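To start, the structure under review is shown below, and the notes come after it.
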Amino acid sequence: MSGARKKPPTLAEIYETLLNAYGPQGWWPLLEHNGTNPTKTGSITGYHPGQYDFPKTERQRFEICIGAILTQNTAWINVERALFVLEQMDALTPEGLGALRDDQVRMAIRPAGYFNAKTRKLRELAAFHTALNGRVPDREELLAVWGVGPETADSIRLYAYGQKEMVVDAYTRRILEHLKLVQPNSKYDDLKGLCINGLPEDLIVYQEFHALLVEHAKRCYARRPFQDNLLR
DNA sequence: AACCAGGACGTGA
DNA sequence: TCACGTCATGGT
């Protein structure tokens, strides 16, 4: 029937549908699984689908933390470029990063935009990471770091430290609003709570759910008017 | 050629 | 609390 509109799917149904459509994503993307200087948009070469034992090293853990900062309001392809340069400069560790001058960091992360602010954010993050001394940070202390907001804190917790922390981002909001599962202007914690309540409390589910929403949004929510033939 | 991209912070009501 | 301006490069 034309014009007929199904009831909005539940979060569990969204997860099932997206997983079935796109398969496991394998986040967080890592340079190790990328290899070359990234030039193409939509590159998913950094993913490691089906493998959930990442990060395998402290270096990878810190790379994820840096990526979480650099990707703030920024396309991932440009973050990859910045990460690639940092790697070439051996700056994907707190020590390596600390050995660079501000102007060197600015140049390295230039493709990721906001290079002045993000240089400071990386400094703050590196200091925090070092002070942690291997301990898993809780959410509150991450939020206390300058430059780390709710999404960045949750991303670091979920993907760098393997904690069951639900991540909400602009894509999550856009999709859930479009499906009328939340009102416009909902707060971060409201969206987060909705996702938590609608999904099994499972690390892999949390990691895949967010990654799947990003993949789906890149395909169907890139430009308005949004046309989501998969979920509605 | 606007518009958008896996936000967060500072400011003034 | 909250709306708004700011930060900046690169793709479409």
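A, B, ... follow the sequence lines: proteins, then strands. Residue 1 opens every chain. Only a predicted model underlies this, so the values are computations on that prediction, with no experimental measurement involved.
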Starting from [atom2] on [N], measure out to [atom1] on [X] and report it in whole angstrom.
| X | N | atom1 | atom2 | value |
| --- | --- | --- | --- | --- |
| Arg223(A) | dA5(B) | CZ | P | 9 Å |
| Arg219(A) | dT12(C) | CZ | C1' | 18 Å |
| Arg110(A) | dT9(C) | CZ | C1' | 8 Å |
| Lys218(A) | dT12(C) | NZ | C1' | 15 Å |
| Arg173(A) | dA5(B) | CZ | P | 13 Å |
| Asn116(A) | dT9(C) | CG | P | 9 Å |
| Asn185(A) | dT1(C) | CG | P | 17 Å |
| Glu80(A) | dG11(C) | CD | P | 12 Å |

dA3(C) to dA5(B) separation - C1' atoms, rounded to the nearest Å: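 Straight-line distance between the two C1' atoms is 22 Å.
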Pairwise P distance, dA1(B) and dA8(C) [rounded to whole Å]: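 It comes out at 25 Å once rounded to the nearest Å.
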Nearest heavy atom decides the nucleotide; on that basis, is Lys118(A) or Lys187(A) closer to the 5' end of DNA chain C?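 Nearer the 5' end of the strand: Lys187(A).
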Residue list, side chain to side chain contact (heavy atoms under 4.5 Å, CB included) with Gln88(A), at least two apart or on another chain: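 Counting only residues at least two positions away or on another chain, Gln88(A) forms a side chain to side chain contact (heavy atoms under 4.5 Å, CB included) with Phe84(A).
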Applying side chain to side chain contact (heavy atoms under 4.5 Å, CB included), can you list everything that pairs with Arg61(A), at least two apart in sequence or on another chain?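 Once residues adjacent in sequence are excluded, the partners of Arg61(A) under the side chain to side chain contact (heavy atoms under 4.5 Å, CB included) criterion are Pro55(A), Glu58(A), His129(A), Ala160(A), Tyr161(A).
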I need a per-nucleotide contact map over nucleotides 7-13 of chain B, read 5' to 3'. Cutoff is protein heavy atoms under 4.0 Å; write B for the base, S for backbone only, - otherwise. BSSS---
Under 4.0 Å, heavy atoms only, any strand: does Arg174(A) hit a base, just the sugar-phosphate, or nothing?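 Here Arg174(A) touches the backbone only, sparing every base.
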Salt bridge or not for [X] and [Y], using N-O below 4.0 Å?
| X | Y | answer |
| --- | --- | --- |
| Arg173(A) | Asp190(A) | no |
| Arg101(A) | Asp103(A) | yes |
| Glu165(A) | Lys192(A) | yes |

Backbone of Gly147(A) reached by a side-chain donor or acceptor of Gln72(A) within 3.5 Å: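 Yes, Gln72(A) side chain to Gly147(A) backbone: donor-acceptor pair under 3.5 Å.
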Quick one: sort the His48(A) and Phe54(A) rings into parallel, tilted or perpendicular, breaks at 30° and 60°.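 It falls in the tilted class, 30° to 60°.
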With respect to the phosphate group of dG11(C), does any side-chain polar atom (N or O) of Arg81(A) fall under 4.0 Å of OP1 or OP2?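 Affirmative; the distance criterion is met.
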